[in-house]
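Before any comments, here is the structure.
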2 protein chains.
Amino acid sequence: MIKSVAIQGVKGSFHHIVSQQYFDEDITVKECLSFDNAVHSLLHNKCDAVIMAIENSIAGSIIPNYALIDDYQLHIIGEHYLDIQHHLMALPNQSIEDIKEVHSHPMALLQCKAFFKKHPHIKLIEDKDTAEVAQRISKERTKSIAAIASTLASELFQLEVLAESIQTIKHNETRFVIVKTSNSEIPKEAINKASIKFELDHKRGSLASILNVLSDCKLNLTKIQSLPKIETPWKYAFFVDVTFDAYKDYQKAKSIMQIMAQEFKVLGEYKNTVR
Amino acid sequence: MIKSVAIQGVKGSFHHIVSQQYFDEDITVKECLSFDNAVHSLLHNKCDAVIMAIENSIAGSIIPNYALIDDYQLHIIGEHYLDIQHHLMALPNQSIEDIKEVHSHPMALLQCKAFFKKHPHIKLIEDKDTAEVAQRISKERTKSIAAIASTLASELFQLEVLAESIQTIKHNETRFVIVKTSNSEIPKEAINKASIKFELDHKRGSLASILNVLSDCKLNLTKIQSLPKIETPWKYAFFVDVTFDAYKDYQKAKSIMQIMAQEFKVLGEYKNTVR
């Protein structure tokens, strides 16, 4: 039973929104300074699970978070998709013309680049976290500075939204995973998605052979990403997500992959949610 | 003939090092504030080519740079691998104990996390660029603040290296590509690598079929990355790199892929360099 969950960032962040949407409302949210700290907190039983962004349509996979899951033998027990909408917000009774600086995470600034090109009087300042800036503006009553954050943040910190959905790509979906130290307790019948990792030598057709197995076993590929193993030239690691109708199809594919691929590892078996 | 090349960042940056290693020494380097600015400069004939980091062993693919190449119909005409070594540097005659803050790019700070855990008295401050901080420290003669940058930066800005290779993962290879507005002029016989992009419907086995074609045509896969097309649910874009011995093998695969996949596009045909 998951009663507390660690998130990166403060309340009002997109990770906080995911915790509200994925879990019941009475879940305890533990604010952490970084994904590392969130995982540390999980490993020391300070929380039951961690929510982490794992990929988005703009930046692709968040490889350092994959590395955390892989290195600490964590298990993905669920996933959640969130459509990220960035709003420009500041203390009430100011217009966009009054804003001199916007402080935000580099990725948020990058995603809203086109908007700020139309408002060249606003200086872009990189900061650690989107929601934390909103919190700070609210706490220190700072005028002329705006944050880029969620509707939840504007509500929590009583900021006024000066411009809605200012990100360049209007539909900006981010996939979050919920991770624990042990694998899912949900019944096998409910499992219809798995995240796996394996390694292959750089031999012609080696990946095609594996994908043929997945296809023969009626598995659908929803994600594939190669990552060169730097310490071992010409060896590649692959992160793959598959969906399936029957757990036994996946089980069959798994036993074949365990023989065909090297360092085969299940990062999680869970119930997929629709994008 | 490439006489001038745009880089992101200032001289002393890793992009500058790549320009020195890839081109002759008398290439003119144009410093740009961002990858966007570098591409803008190329499109307006202010330079002949752009160097951009495209993937590294820690963060994976740099999707926004793939998007720049894709959106502006640029062509990859070459690649270069650089082993990124981060050194801690400051004005001469200071010890690590004198350093109160380190200013650097978020990715560099992340990559050196373990080192700074051992030196908790140093505060980590995010900044735009690694080499630019080194330049600024040198120019403004700022004591107690360190930069994380290359040996070239320490030489150019006369800073003293306080600690060498402070990144956690000692072997940290980054792949850079050289892009132009038109495709490579090198003879077909010299071409042995291509970067391609295509789209597939989410149909079981569709990617396996394509990879079987590549394998049948004697192409080797050196990179694969799926990216969901957010505007079109269940449609995926794939970025794939292949190497080959004979251009005619690649040409054959290309004609088949043009029929089998949707939105097939060549991002570049060039000579590969060994990792």
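In the text below, chain A, chain B and the rest are named by the order of the sequence lines, each starting its count at 1.
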Q: Under 4.5 Å heavy-atom distance to chain A, tell me which part of B:E126 shows up: side chain, backbone, both or neither.
A: side chain
Q. Could you give the distance from CG (B:N37) to SG (B:C32), rounded to the nearest 0.5 Å?
A. 6.0 Å
Q) Does the distance from a Lys or Arg side-chain N to an Asp or Glu carboxylate O, for B:E263 and B:K197, drop under 4.0 Å? A) no
Q. Based on non-hydrogen pairs under 4.5 Å, which of A:Q225, A:R175, A:E55, A:R204 is most in contact with chain B?
A. A:R204
Q: Please check if the side chain of B:H15 supplies one atom and the backbone of B:A53 the other of a donor-acceptor pair under 3.5 Å.
A: yes
Q: Can you sort out the partners of A:Y270 under ring pair (Phe, Tyr, Trp, His ring centres under 6.0 Å), two or more places apart, ordered by chain and number?
A: none
Q) Using a heavy-atom distance cut-off of less than 4.5 Å, which residues of residues 207-220 of chain B contact chain A? A) B:L207, B:A208, B:L211, B:N212, B:S215, B:K218, B:L219, B:N220
Q. Relative to chain B, which segment of A:L227 carries a heavy atom at a distance below 4.5 Å: side chain, backbone, both, or neither?
A. side chain
**Q.** Distance flag, aromatic centroids of B:F14 and B:H105, threshold under 6.0 Å
**A.** no
**Q.** Short side-chain to backbone donor-acceptor contact, B:H44 and B:H40, under 3.5 Å
**A.** yes
Q. Any sub-3.5 Å donor-acceptor pair from B:Q85's side-chain atoms to B:K170's backbone N or O?
A. yes
(Q) Does atom CG (A:D83) have a neighbourhood of more than 12 heavy atoms from anything else shown, all under 6.0 Å? (A) yes
Q) Given that the side chain runs from C-beta out, which part of B:F238 has a heavy atom under 4.5 Å from chain A: side chain, backbone, both or neither? A) side chain
